[in-house]
Each structure stands twice: as C-alpha cells, then as structure tokens.
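Since the structure comes first, as structure tokens, the remarks are kept for the end.
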Amino acid sequence: MNVRNITLLGHKDHGKSTLIGNFLILTNSVSQARIREAEKYSKILHKDFEPAFMLDSFHEERMEGLTMDITRAEIAYKDVAFSFIDVPGHEELIKNMISGASYASTAMLLVSAQKDEGIRDQTKRHLFIAKMLGIDHLVVAVNKMDSVGYKREQFESIKKELMVFIKRIGFADKNVSFVPVSAYKGDNLVKKSARTPWYKGKALLDLLYDRSGEEERSSGGPLRMIVQGLIGAKEKLVVGRIAKGSIRLGERISIVPEGISAKVVGIAVKGKKVKSASVGENIALALDKKVGEDIRGSVISDRGRAPETKSTIRALIFVAKGLGKNLNIKFNGLDIPCKGMKVLKYVDVTTGESSKTGKFEPLNAISAELRLGTKIPAESFSQTRELGRFVLYSGKEFAGMGVVE
Ligand code: GDP
C-alpha cells in the first residue's frame, strides 16, 4: 500500500493524541480489543472515554497520566496508509526530518480554538522549521471547535492570523488548507459535520489525502548517490542511497570529493542484481576501480555532472542553543569543523521577518556564511535536499540546523 508520511505539528494539549486516536477508531485502523483497552483505562482514571488513550496504551506511562515522547500511527484510508509522525519538540522534529527515512512534504498542524489556547510562538517556530526542511503542503486543523460553540468567527480569526505568517515564510496559498474540527467529538475528521454548516471545504482526512498526493521525487536530473560506506570482504561494494536521478549498469560515474571516475560493473538492490536503480533506493555498486575505505559522505554522480565541492557555504540556520566555540556540522554522516561564521541576516521565526541588524538569539534563525574545515559536496537545499541540509553541534551538543541557500 502507498504510504504517505505526514508530520504532525502543534502545541502540547491542543489535541494531537485525541485526533489521532479518533482517526484510528473512525477509519477502523485499530482492533476492537485496543478500543476496549482504552475504554478500560479511561474508566480507571475516572474519565469519559479518551480517544487519546488509543495511542498512550502502547506505553506504561499511561497510568501516571503521562504521554509518550514520540509517536507514529498508521491510518488506513482509501488506497493509502497515512503514517503520522508526532514529535514533542524542535530537536526531535529536526532530527526526524533530517534522518532521511521519511520524505514527508506534508504537515498537519493542530491549533486549539479554545479561548486560553490559540496560536503560540512554539507553533510558529515548528512551522518555520518544517518549511525550512522541505514541508510545502500544509493542512491546519483548528481544533476544539466544540468549546467555542462551533463559531465561525473563532475559526476565521485564527485562519487570518496564521495565514499572514504562513505566507511570509514561503508557503504558496494553494498548498494550504484550513478546517474546523473537534478532535474529541469527531466533527469534520472523516466526515463533514452538520455543526459547521458555514464550512464549505472537505473533511480533514480528505484534505490530507488531496494534499499528500502531490509528493514528488525527481528521478530526472543529475545522479546524486550519497555513499554510506563499503561492504564485502573480497570484492568491495560501495553502498548508499540515491537522493536524485538514476543509475545504469555500464555507466561512467564520478565520485567527489575524491575526484575518482569509474565504470559501474554491477548494481544490487536488496541483495538482487539489477540493471538500473533510481531515486529513493538503497543500492550496492561494484565499480571497475578501487576506492578508499574512507568514502562515507562522498557523492556519486554521472560523469561530468558532479556537485561542486566548497569550503564556504551560505545557509539559513535555525539556532537552537547558543553557539559555543567548538562548532561543527554533521553533513551526511561526516563531522566537519566550522572555522568561522558571518551573519548576513537575522530572522525572527515567530513573525517570519528578517533584518540586517539584530541580536544573536537562540530559538531564532540567521542567514550566515560558514567557513568549513574541509570542502564538502554541498548544493542548495532546493536543488538536492540531502546535499543541502546539516545539523549543527556545539561540541557534542545539538545546537541547531541549517539549509544551504
Ligand atoms: P496533545 O498533547 O496535543 O496530544 O493533546 P491531547 O490529545 O492529549 O488533548 C489535550 C486535552 O484536550 C485533553 O484533555 C483532551 O480531552 C482535550 N481535547 C482534545 N481535543 C479536544 C476537542 O476537540 N474538544 C475539547 N473540548 N477538548 C479536546
């Protein structure tokens, strides 16, 4: 089944677990036994039925009334399976999006319409980070509409305020939808609700279905295979993942930064010999030339179309913590020392506004020029995601993330 990854964003307590719990129930993605278990725990905790326990019931912490750290829930709908990835904070969000395993380009944001909740700075910060890392389709569910009497004004005012920010950080109007929901009561989750007759759009799950279908991965353009290392005792094979383009048996390739050129004499995918492979696949390559052991992080391209290697890069950087002296970047598995940084612009991630003058503040962004200790095969993020993003460390401590401009 076609799996579509959806990154889940939203402030704690705005109803993410409740929403996913009800999705699981309403789409029959979960067994009756699990539902009964959630009912049982709701009773033990003297609560009305809490759909959120559908998720929490995976974990022991439930009994203390705690929620877990990271959640992944699969929901079957029509011909697809949505895989919702929930992350508690910006660090997990960044690590999850950069790990490469998920190629989500759609996010669902939950904002509570309840009087004391609404749009928070943290919500905007997460949206900013998600956009930086390649999310370009967004569905905003304005939740807890039941607590404001399903009033249209409440929905419209959240939509209006958020839309200004969303557009400023670069989302296209046509890629963003808003829907009023009650995660708890189930309104507009899978079916349209009679309680919001003023809402003319589709139910949440249908919006997600429409949006997430537009995910694209280009098998055209120059080949970019990111090398993970060598395997095999006698005959060494180069293993890695194709980030872009495709590769064929007999083709001539280049490896940077080594500057080696070679011919492809064998390709294997999951242990089976194949004649060609393309974007998204993990492959093993036999080459007609020996390569050094120290090849992790190198890039294989079709000959003559290798990415440039550079020791100075310009990047938009989200600064999570103060950047200490011992700064380095992790780029495709490599640790590269950062020798210097020149700030070009300061960006406020809660408004999306930028200025040439400002203060260096954690939890905000900067546009900067980085001077690196070695040359790396970097490209702009918009060209090749995998060659245009990195994580920043101050010593061993996570300090932020950047995308090459
Ligand atoms: P999370 O931290 O975002 O996962 O939030 P939860 O799903 O745990 O919900 C936080 C609280 O908000 C719980 O007490 C839920 O019962 C409540 N809640 C969630 N959705 C709704 C809703 O649609 N309406 C109302 N009135 N309460 C909700």
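As the structure lists them, so they are numbered: ligands from 1, and atoms in each ligand from 1. When reading the values below, keep in mind they use all heavy atoms of this one structure, side chains included, and skip hydrogens, waters and symmetry mates.
Annotation: salt bridge (Lys or Arg N to Asp or Glu O under 4.0 Å) contacts of Glu405 (sequence neighbours excluded): Arg314.
Classification of the Phe155-Trp198 ring pair by plane angle, with boundaries at 30° and 60°, yields tilted.
Under 4.0 Å from ligand 1, heavy atoms of Lys12 appear from its side chain as well as its backbone. For Asn143, every heavy-atom contact with ligand 1 shorter than 4.0 Å involves the side chain, none the backbone.
Ligand-side atoms of ligand 1 in range of Asp13: 1 (P), 2 (O), 3 (O), 5 (O), 10 (C), 12 (O), range being under 4.0 angstrom from any heavy atom. Residue Thr18 approaches ligand 1 through these ligand atoms, each under 4.0 Å from one of its heavy atoms: 6 (P), 7 (O), 9 (O), 15 (C), 19 (C), 20 (N). Those atoms of ligand 1 with a heavy atom of Lys16 less than 4.0 angstrom away are 1 (P), 3 (O), 4 (O), 5 (O), 7 (O).
Of the candidates Ser17, Ser112, Gly186, the one placing a heavy atom closest to atom 4 (O) of ligand 1 is Ser17. When the heavy-atom distances from atom 25 (C) of ligand 1 to Leu19, Val181, Asp146 are ranked, the shortest goes to Asp146.
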Practice item. List the steps, then state whether side-chain contact (heavy atoms from CB on, under 4.5 Å) holds for Ile158 with Ile119. Key: CA-CA 7 Å; Ile158 288 180; Ile119 305 162; 4.2 Å; yes

Practice item. Report the C-alpha separation of Thr106 and Arg4 in whole Å, then their side-chain angles, then the decisive distance to 0.1 Å, and conclude whether the side-chain hydrogen bond (donor to acceptor under 3.5 Å, both in side chains) test is met. Key: CA-CA 9 Å; Thr106 304; Arg4 298 181 182 180; over 6 Å; no

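Within the structure, the salt bridge (charged side-chain N to carboxylate O under 4.0 Å, His left out) test picks out the following pairs touching residues 184-198 (sequence neighbours left out): Asp187-Arg195.
Salt bridge status for Glu156 with Lys160: absent, with no side-chain N to carboxylate O gap under 4.0 Å.
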